[in-house]
Number of protein chains: 2
Amino acid sequence: MNSRAPENVLIAHGHRLTEPRQRLIAILSQWPSRFSAGELVKAARKAEPPIGRATVFRTLGLLLELGIVERVRGADDSEGYVVARRGDHHHHLVCSSCGRVEDLPLCPVEGRLKELAAERRFQVQGHNLEVYGLCEGCVKADEK
Amino acid sequence: MNSRAPENVLIAHGHRLTEPRQRLIAILSQWPSRFSAGELVKAARKAEPPIGRATVFRTLGLLLELGIVERVRGADDSEGYVVARRGDHHHHLVCSSCGRVEDLPLCPVEGRLKELAAERRFQVQGHNLEVYGLCEGCVKADEK
DNA sequence: CGCCCAGGTGATACTAAGTATCAATTTAGC
DNA sequence: GCTAAATTGATACTTAGTATCACCTGGGCG
């Protein structure tokens with residue numbers, strides 16, 4: 001089966017596949033786009049039976065750590081989450097108009113960054129890049 | 001005089017140079033490194049006369065908008081601020097051991113990013129890059 | 001199958017980081 | 001110095017996240 005399915009990743013890392021977690025994953029898998037912690041808490045509270053706030057945050061942290069969910073920050077420093085669509089290194093193109101998040105699989109930083117940091121004797125461990133602008137749809141809407 | 005002095009930038013943008021703002025700028029100019037909102041609020045509250053919490057946040061927002069202060073995020077998603085040391089486009093090398101923040105004036109993203117985004121028909125408005133790792137001092141300390 | 005217990009849950013309470021409101025005060029130009 | 005507009009500070013509220021702790025349950029074991 002799909003070893004990248006959240007349920008399997010959870011188990012592979014020695015976590016239990018509890019009922020609240022499964023239901024939370026189900027909620028997330030249906031999520032259309034970016035969401036905030038509060039939105040997820042609200043959806044979880046509305047579920048039947050409801051999932052507690054603490055569990056939502058704990059599970060969110062777990063999914064974040066396992067790379068199943070990613071934190072996204074928009075141009076205005078707004079925070080949010082998205083369900084990860086790829087497991088490898090990538091970045092995000094965040095639309096500042098509609099909030100949509102696209103993946104940018106090719107990293108425009110690698111290589112160049114290494115040289116720059118080496119000159120400074122800075123030992124790079126990782127980096128985070130968020131690109132913001134207008135997605136194709138919003139550019140068109142803007143032109144009208 | 002120095003047109004990049006916070007006081008002058010404030011005035012140049014039509015803001016008033018009030019006493020609380022001046023004192024807050026004075027506090028910031030002495031700040032050794034990265035700070036959190038809470039730390040600044042505490043320092044402002046200890047000042048004589050104290051500066052109110054709301055004013056601290058409003059002023060912080062203003063200084064952020066004017067580029068006098070910058071938001072910095074570490075590897076662990078920790079948030080913080082630093083007083084900007086340069087006014088042009090740059091990024092940050094954040095030490096995940098000591099928290100020190102260095103400026104990276106050469107942008108390793110420009111150019112490459114434009115091509116990549118163009119292929120995707122994404123209209124780039126800006127980007128944010130944080131690099132984390134170990135600063136020169138912490139690399140040495142680590143080797144011992 | 002049923003026991004057992006570590007890992008997980010949910011209620012509650014707490015902290016940090018902001019935002020909103022509004023009456024009282026101050027600034028800067030006239 | 002006067003006045004309008006900007007700013008302040010107190011207070012209350014919101015969102016995000018952590019801490020605690022008694023209770024519950026998933027799943028390995030006999």
Side-chain angles (χ1 to χ4, degrees), chain A residues 6-28 34-66 69-74 76-82 99, chain B residues 6-28 34-66 69-74 76-82 99:
Chain A
E7 290 84 349
N8 296 329
V9 177
L10 226 47
I11 292 169
H13 282 78
H15 299 288
R16 288 190 183 165
L17 189 53
T18 63
E19 206 225 305
R21 282 177 184 169
Q22 290 187 68
R23 285 192 295 119
L24 222 28
I25 289 169
I27 291 173
L28 284 176
R34 189 154 50 140
F35 59 92
S36 67
E39 286 167 340
L40 184 58
V41 168
K42 203 187 296 176
R45 182 156 29 85
K46 278 204 300 241
E48 197 47 62
I51 304 165
R53 183 182 145 73
T55 299
V56 173
F57 275 105
R58 274 183 306 233
T59 305
L60 195 50
L62 197 55
L63 298 179
L64 218 38
E65 190 185 305
L66 297 176
V69 157
E70 294 164 346
R71 211 184 280 267
V72 180
R73 297 182 253 243
D76 53 343
D77 280 311
S78 68
E79 304 256 357
Y81 301 90
V82 287
Chain B
E7 290 85 348
N8 296 329
V9 175
L10 225 49
I11 291 168
H13 282 77
H15 300 290
R16 288 187 182 171
L17 189 53
T18 64
E19 205 224 306
R21 282 177 186 169
Q22 291 186 68
R23 285 192 296 120
L24 222 28
I25 289 170
I27 290 172
L28 284 177
R34 189 155 48 140
F35 59 93
S36 66
E39 286 167 340
L40 184 58
V41 167
K42 204 187 294 174
R45 181 155 31 86
K46 278 204 299 243
E48 198 47 59
I51 302 165
R53 185 183 144 73
T55 299
V56 173
F57 275 106
R58 273 183 306 232
T59 306
L60 194 50
L62 198 54
L63 299 179
L64 218 38
E65 189 185 304
L66 297 176
V69 158
E70 294 164 345
R71 210 185 280 266
V72 180
R73 298 181 251 243
D76 53 344
D77 280 310
S78 69
E79 305 255 357
Y81 301 90
V82 287

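All chains are named by letter (A, B, ...) in the order of the sequence lines, taking the proteins before the strands, and each is independently numbered beginning at 1. For the numbers below, each heavy atom of this structure counts, side chains included, while hydrogens, waters and symmetry mates do not. Bear in mind that the values here come from a model prediction, so they are computed numbers and not experimental data.
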Not counting sequence neighbours, which residues clear ring pair (Phe, Tyr, Trp, His ring centres under 6.0 Å) with A/Tyr81? List them please. A/Phe35
Residues from residues 17-24 of chain B sitting under 4.0 Å of DNA chain D, heavy atoms only?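 Hits under 4.0 Å, by residue number: B/Thr18, B/Pro20, B/Arg21.
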Taking all heavy atoms of [X] and all of [Y], pick out the closest pair and write down the distance.
X: B/Arg21; Y: B/Arg16; answer: NH1-O, 2.7 Å
X: B/Leu66; Y: B/His15; answer: CD1-CD2, 4.3 Å
X: A/Thr55; Y: A/Leu24; answer: O-CD2, 4.3 Å

What integer distance in Å separates [X]:[atom1] from [N]:[atom2]?
X: A/Glu39; N: D/dT14; atom1: CD; atom2: P; value: 17 Å
X: A/Leu64; N: D/dG17; atom1: CG; atom2: C1'; value: 12 Å
X: B/Arg53; N: D/dA12; atom1: CZ; atom2: P; value: 13 Å
X: B/Phe57; N: D/dT8; atom1: CZ; atom2: C1'; value: 16 Å

Would you tabulate the side-chain donor-acceptor contacts of residues 40-54 of chain B under 3.5 Å, counting partners in other chains and residues two or more places apart, or write 'none'?
none

Side chains of [X] and [Y] in contact at under 4.5 Å (non-hydrogen atoms):
X: B/Leu63; Y: B/Leu28; result: yes
X: A/His13; Y: A/Glu65; result: no
X: A/Arg71; Y: B/Arg73; result: no
X: B/Ser78; Y: B/Arg34; result: yes

Find the distance between CD1 (B/Ile11) and CG (B/Leu17) and round it off to the nearest 0.5 Å.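 It comes to 4.5 Å.
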Close N or O pairs between protein and nucleotides 20-22 of chain D (under 3.5 Å):
none

So does A/Tyr81 get a side-chain nitrogen or oxygen closer than 4.0 Å to the phosphate oxygens (OP1/OP2) of D/dG17?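 Yes.
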Start and end of chain B contact along DNA chain C [non-hydrogen atoms, under 4.0 Å]: C/dA17 to C/dA28
So what does A/Arg45 touch, heavy atoms closer than 4.0 Å: a base, only the sugar-phosphate, or nothing?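 No contact at all - A/Arg45 keeps every heavy atom at 4.0 Å or more from the nucleic acid.
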With side chain to side chain contact (heavy atoms under 4.5 Å, CB included) as the test, pick out the partner of A/Val69 among A/Leu60, A/Thr59, A/Ile25.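 Of all the options given, the one that passes is A/Leu60.
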To the nearest 10°, let me know how far the axis at one end of the helix from C/dC1-D/dG30 to C/dC30-D/dG1 is tilted from the axis at the other, five pairs an end.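 Answer rounded to 10°: the end axes differ by 30°.
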